[in-house]
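For the numbers below, each heavy atom of this structure counts, side chains included, while hydrogens, waters and symmetry mates do not. Chain letters run A, B, ... following the sequence lines, proteins first and then strands; every chain starts at 1.
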Amino acid sequence: MLEIHLIRSNFEAAVSGLQKRGIPQAEPLLQKVLDTDQQRRDLQLKLDKTLEEGNIKSKQIGMLMQEGRKDEAQSLKTETSTLKLQSKGLQDELQDLISKLKSQLYDIPNIPHIQVPAGTEETDNQVTEEWGTKPQLTDNANSPHWDLIKKYDIIDFDLGSKITGAGFPIYKGAGAKLQRALISFFLDEAEQAGYHEIQPPIVINEDSGLATGQLPDKEGQMYGIVDSNFYLIPTAEVPITNIYRDSMLRAQDLPVKMVGYTPCFRREAGSWGADVRGLNRLHQFDKVEIVQIQTPENSYVALQEMCDHVKALLQKLELPYRILNLCGGDLGFTSAQTFDFEVFAGAQQKWLEVSSVSNFETYQSNRLKLRYKKDGKSVLLHTLNGSALALPRIVAALLENNQTPKGIKLPPVLVPYTGFEQITNK
RNA sequence: GGAGAGGUGACCGAGUGGUCGAAGGUGCUCGCCUGGAAAGUGAGUGUGCCCCAAAAGGGUACCGGGGGUUCGAAUCCCUUCCUCUCCGCCA
């Protein structure tokens with residue numbers, strides 16, 4: 001949720017920022033919010049005056065009663081009764097206005113950072129970096145990963161369908177070990193980079209969903225739990241960031257750097273076709289997520305630092321990757337700037353997104369009420385998060401790029417974790 | 001799942017209808033004391049919203065959340081969430 005005072009004091013910048021996302025009617029949209037806000041403030045003033053009057057009279061009644069002047073107290077009582085009715089009405093009106101203002105604000109996405117390129121097409125995304133060379137696969141070892149997992153019997157989609165449904169694979173043997181190895185590797189790397197390890201619940205309540213923005217609009221993305229008002233998390237970002245909901249930090253607590261591994265659950269309603277084959281898109285997948293809470297001054301340095309961390313992971317895994325600075329139109333609703341990381345999968349001949357690193361500035365912390373004390377004043381903090389990394393597409397690229405006629409060679413960095421160098425037929 | 005107790009400021013803890021945004025303590029900040037520190041000592045120390053160009057100042061709301069009774073609620077009632085104790089069940 002945008003901060004209302006930012007729109008108030010920086011109207012032009014807000015308008016042009018939203019236009020960068022391809023929202024042509026940005027100005028009337030923001031003007032409408034300002035109008036609602038003005039109404040709210042007028043009403044607040046009126047209500048406070050009425051309450052003040054009532055409070056003064058109530059105190060007088062108390063004093064009169066103590067002095068035994070009952071008649072005078074009685075006549076004041078009738079006055080306070082009418083004041084009470086008035087303030088009750090005003091209060092209801094104010095509540096309505098506040099909800100209206102909130103829902104108007106919920107409809108407005110974050111304002112993109114100055115360095116976000118304008119545009120609405122995927123082609124408007126800026127490739128800021130490309131690393132590694134695309135693998136040259138030979139004719140006798142050029143299978144997409146969905147064939148490889150069957151050949152070596154390491155991931156079983158059919159069996160997963162039996163237990164749950166499509167998109168819930170079962171990892172077996174070397175496949176299961178590879179999952180465990182990647183998770184441990186990612187967690188260890190994050191810990192070395194100064195992130196504090198967290199193991200959060202993977203089920204969240206409504207308040208948490210609201211605070212990080214999955215609710216109220218995107219419940220379609222999450223699996224709900226029947227008769228509990230709980231949801232399965234779509235990403236560890238939700239429980240981990242919510243640790244700091246309703247918090248006032250001290251300067252010396254900052255920055256907060258946390259990492260957590262969780263399974264993630266996404267409905268992915270409405271997506272199908274070639275893009276979602278095999279491991280490319282799942283309903284349940286594993287991900288290690290890094291989260292930072294930063295002062296506004298440092299948040300963009302931190303964003304860069306998080307990108308460097310992800311780069312290092314991919315380099316150690318020897319996977320060719322590229323980084324995209326997402327354009328306004330491709331930017332997530334709550335993000336001010338996002339860098340997407342894609343690895344190249346050799347057999348599919350496709351770039352697959354494996355990480356998304358974002359700075360939300362105060363968009364999340366405003367709903368979270370996450371602040372810190374700076375020179376005696378409370379200041380909203382900036383929140384950032386990124387995948388480091390999501391497993392399935394990493395596995396897809398590892399399998400495809402490292403295949404040989406005899407087996408799949410793992411990058412050396414994983415060998416201490418897996419205990420084997422190659423995936424072969426038993 | 002059954003029975004009971006309880007949720008008060010950064011923390012501990014008092015407060016059972018009026019002058020309570022809340023005693024007292026701890027912590028923290030600033031000062032005095034000290035060669036320096038500790039001890040001692042003085043003062044200050046919640047958050048949101050609104051008025052005000054800003055500061056100063058003022059108003060209002062907040063004692064787990066929501067609703068109610070009352071002229072007036074931390075205090076009474078309802079509801080919900082959470083914590084603890086005992087019993088049951090159990091990885």
Side-chain angles (χ1 to χ4, degrees), chain A residues 1-11 33-105 199-211 215-216 225 227-231 239 242-254 256 293 362 364-381:
Chain A
M1 179 167 62
L2 282 178
E3 296 174 77
I4 187 73
H5 79 259
L6 280 185
I7 305 176
R8 220 187 284 159
S9 63
N10 231 336
F11 191 76
V33 174
L34 283 189
D35 292 346
T36 310
D37 184 51
Q38 188 57 54
Q39 287 174 44
R40 182 198 119 249
R41 286 151 75 197
D42 292 345
L43 201 60
Q44 176 87 53
L45 191 61
K46 213 165 140 191
L47 171 66
D48 284 355
K49 294 272 183 224
T50 312
L51 287 170
E52 182 185 8
E53 211 181 325
N55 284 342
I56 291 169
K57 291 199 166 140
S58 282
K59 276 183 189 159
Q60 286 172 352
I61 291 170
M63 291 189 324
L64 290 171
M65 292 295 266
Q66 274 177 358
E67 292 167 23
R69 293 151 73 182
K70 289 211 170 134
D71 292 348
E72 291 169 65
Q74 198 54 48
S75 72
L76 268 180
K77 273 194 194 181
T78 53
E79 287 180 45
T80 47
S81 301
T82 54
L83 279 174
K84 198 199 172 177
L85 274 173
Q86 277 176 26
S87 59
K88 183 81 186 145
L90 289 172
Q91 227 145 28
D92 291 345
E93 261 183 82
L94 185 64
Q95 269 320 311
D96 288 348
L97 266 178
I98 288 172
S99 332
K100 187 176 160 192
L101 182 63
K102 256 194 188 167
S103 69
Q104 284 177 355
L105 281 170
Q199 200 174 96
I202 58 173
V203 173
I204 52 144
N205 60 28
E206 213 174 348
D207 284 345
S208 296
L210 282 167
L215 296 172
I225 294 177
D227 75 24
S228 294
N229 256 347
F230 291 153
Y231 299 86
N242 265 285
I243 291 173
Y244 285 90
R245 167 152 49 92
D246 290 319
S247 296
M248 177 74 75
L249 303 183
R250 298 164 303 177
Q252 66 258 39
D253 299 329
L254 297 168
V256 175
I293 299 170
T362 59
Q364 281 187 330
S365 62
N366 192 26
R367 266 210 231 185
L368 285 163
K369 297 204 196 78
L370 167 54
R371 297 146 299 171
Y372 88 113
K373 275 277 182 210
K374 189 192 183 189
D375 305 325
K377 288 196 172 172
S378 53
V379 177
L380 286 176
L381 286 158

* **Ionic contact status for A:D37 with A:R41, cut-off 4.0 Å** => yes

* Distance, P atom - from B:G27 to B:A39, rounded to whole angstrom -> 8 Å

* Return no unless some side-chain N or O of A:R40 is found under 4.0 Å from OP1 or OP2 of B:C50. => yes

* Rounded distance (nearest 0.5 Å) linking atom CG of A:L94 with atom OG of A:S99 -> 9.0 Å

* **Integer angstrom distance from the C1' of B:C11 to that of B:U16** => 25 Å

* To do: Could you tell me whether A:E53 and A:K49 make a salt bridge, using a distance below 4.0 angstrom between a side-chain N and a carboxylate O?
  => no

* Between B:C51 (P) and A:H5 (NE2): distance, integer Å -> 14 Å

Detail all sub-3.5 Å separations between protein N/O atoms and N/O atoms belonging to nucleotides 58-60 of chain B.
from	atom 1	to	atom 2	distance (Å)
B:G59	N2	A:D48	OD2	2.7
B:U60	OP1	A:N55	ND2	3.4
B:U60	O2'	A:D48	OD1	3.3

* P atoms of B:U79 and B:G25, separation to the nearest Å -> 40 Å

* Asked: If you find the nucleotide of RNA chain B closest to A:L76 and the one closest to A:R371, which residue's nucleotide is nearer the 5' end?
  -> A:R371

* Asked: What is the distance from atom CG of A:L76 to atom CD1 of A:I56, rounded to the nearest 0.5 Å?
  -> 11.5 Å

* Between A:D92 and A:G89, is there a donor-acceptor pair closer than 3.5 Å when you use the side chain of the first and the backbone of the second? -> no

* To do: Look at the side-chain N and O atoms of A:S58 and state whether any lies under 4.0 Å from the OP1 or OP2 oxygen of B:G18.
  => no

* Quick one: A:Y372 OH to B:A10 C1', roughly how many Å, whole number? -> 18 Å

* Structure fact -> Atom CG of A:D92 and atom P of B:A61 are separated, to the nearest Å, by 16 Å

* To do: Could you check how far CD of A:Q74 sits from P of B:C71, rounded to whole Å?
  => 9 Å

* **Nearest-angstrom distance, P atom, B:C63 to B:U8** => 12 Å

* Pick the C1' atom in B:C81 and in B:G17, then give their distance to the nearest Å. => 27 Å

* A:S365 side chain to A:L381 backbone, donor-acceptor under 3.5 Å -> yes

* Which whole-number value in Å describes the distance from A:L43 CG to B:C51 C1'? -> 15 Å

* To do: Calculate, to the nearest 0.5 Å, the distance between atoms CD and CD belonging to A:Q86 and A:Q91 respectively.
  => 12.5 Å

* Determine the Euclidean distance between corresponding C1' atoms of B:A22 and B:U75; express it in Å to zero decimal places. => 12 Å

* Once you round it to whole Å, what is the distance between C1' of B:G46 and NZ of A:K369? -> 15 Å

* Euclidean distance, atom CG of residue A:D246 to atom C1' of B:G46 [Å, nearest integer] -> 14 Å

* Structure fact -> Paired runs of 3 or more consecutive Watson-Crick or G-U pairs involving RNA chain B, with both pairing distances under 3.5 Å, are B:1-7 with B:81-87, B:10-12 with B:24-26, B:27-32 with B:40-45, B:46-51 with B:57-62, B:64-68 with B:76-80

* In whole Å, what is the span from the CG atom of A:N205 to the C1' atom of B:U80? -> 13 Å

* Structure fact -> Assert: residue with more 5' nearest nucleotide on RNA chain B, out of A:Q38 and A:I61, is A:Q38

* To do: For B:C71 and B:G15, measure between their P atoms and round to the nearest Å.
  => 28 Å

* To do: Select base, sugar-phosphate, or nothing to describe what A:T78 touches, counting heavy atoms under 4.0 Å on all strands.
  => nothing

* **Euclidean distance, A:N205 CG relative to A:N229 CG, rounded to 0.5 Å** => 9.0 Å

* To do: List the atom of A:S378, the atom of A:M248, and the distance in Å for their closest heavy-atom pair.
  => CB-CE, 3.6 Å

* Picking from A:Q104, A:K102, A:K100, what satisfies side chain to side chain donor-acceptor pair (under 3.5 Å) with A:T36? -> A:Q104

* Do the side-chain N or O atoms of A:K88 get closer than 4.0 angstrom to the phosphate oxygens (OP1, OP2) of B:G67? -> no

* Rounding to the closest angstrom, what is the interatomic distance between B:A14 and B:G2 at atom C1'? -> 34 Å

* **Side-chain donor-acceptor contact under 3.5 Å, A:D42 with A:Q38** => yes

* Under 4.0 Å between a side-chain N/O of A:R41 and OP1 or OP2 of B:C51, yes or no? -> yes

